[in-house]
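Given the structure is predicted, the values throughout are model-derived calculations rather than measurements. Counting convention: from 1, in listed order, for ligands and their atoms alike.
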Amino acid sequence: MAGRADGFVGVFDSGVGGISVLRSLVAELPHEDFRFFGDSAHAPYGEKTESQVLELARDIVGRLLDEGAKAIVIACNTATSVAAEVLRAAHPDVPIVGIEPALKPAALAFPHGRVVVMATEVTLRLEKYHELASHWGGSCEVVAVPCPGLAARIERGGLDEPDLTETIRDLVGEWAGRVDAVVLGCTHYPFVRRQIATVLGDGVRFFDGGEGTARRLASRLRETGLLAERGRPGRVELASSLNTPEELALYQRFYELPL
Ligand code: DGL
């Protein structure tokens, strides 16, 4: 008989960005089934109001649970900052794992360095980020750089086109040659790591929250007895609120892109 552990893990983001997290999840938990939902019809979340993001996140989680998700990963820093606590309170029996900017490992690696945190305006505005920055920014210098427009540009694909590098130069170019580490505090940004390095210089180290989120999911599934025990590799499904063949092909390309 199928038990709850046989269910899938629901993963969502405002769009393609969460696919960077999904890849860490699959690498850490290759026997789990994952259903990814990207809300590209409503992206970017990082430039919406908090109540809009909360409503969208609530709807998506409700739907994933109705479809049989055994656990949820919020593969979006913005939605985690806005909605994780509310969603956990609404669904106390479901493991709900979020993501946050990976400032901790960056600060530990560069205790006296300068760390740039790239993220959405909403993520950088909320209390959760300010707590993180005041906790880990004790000795290193933490520079928060909101990146309006960047996630929306990444959503359009064409990552090798020069306008994308120019957008990144406009956002962080002033730090070229003057930064030790960059925290990719939005799940879209790991897809443009190479372009950010082109702007800031090859010596910069990058940190993102994907692997930490994957380890956290593994331990939550273990603690709750929900780890899948199956002989076959897990299945991965990709879905989007922009449900067109072109959009799904874009999602598939992001799933396969070298990172
Ligand atoms: N990928 C999301 C994040 O991690 C949000 C990007 C957006 O929709 O603004 O914050």
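The atoms of ligand 1 that sit less than 4.0 Å from any heavy atom of C186 are 1 (N), 2 (C), 3 (C), 4 (O), 5 (C), 6 (C), 10 (O). Listed by number with element, the atoms of ligand 1 under 4.0 Å from a non-hydrogen atom of A151 are 6 (C), 7 (C), 9 (O). Distances below 4.0 Å separate heavy atoms of D13 from the following atoms of ligand 1: 1 (N), 2 (C). If you number the atoms of ligand 1 from 1 as listed, the ones under 4.0 Å from a heavy atom of S14 come out as 5 (C), 6 (C), 7 (C), 8 (O).
At a heavy-atom distance under 4.0 Å, no atom of I99 approaches ligand 1.
Looking at Y251, its side chain never comes within 3.5 Å of a backbone N or O of F36 through a donor-acceptor pair. Side-chain N or O atoms of R230 include one that pairs as donor or acceptor with a backbone N or O of D6 at under 3.5 Å.
The protein heavy-atom contact nearest to atom 10 (O) of ligand 1 is T78 OG1, 2.6 Å. Of the protein's heavy atoms, Y45 N, 3.3 Å lies nearest to atom 7 (C) of ligand 1. Of the protein's heavy atoms, G46 N, 2.8 Å lies nearest to atom 9 (O) of ligand 1.
Between the side chains of E247 and T244, no donor-acceptor pair of N or O atoms lies under 3.5 Å. Side-chain contact, T78 with T120: a donor N or O sits under 3.5 Å from an acceptor N or O.
Between T120 and ligand 1, no N or O atom pair is found at a separation short of 3.5 Å.
The nearest non-hydrogen atom to atom 4 (O) of ligand 1, considering only L150, I74, N77, comes from N77.
Side-chain heavy atoms closer than 4.5 Å link hydrophobic residues (I, L, V, M, F, W, Y) into clusters, and following such links, possibly through other members, connects V179 to V145.
A salt bridge links E161 with R153; the closest basic N to acidic carboxylate O contact falls under 4.0 Å.
Residue pairs meeting the ring pair (Phe, Tyr, Trp, His ring centres under 6.0 Å) criterion with at least one member in residues 168-196, sequence neighbours excluded, are F191-F254.
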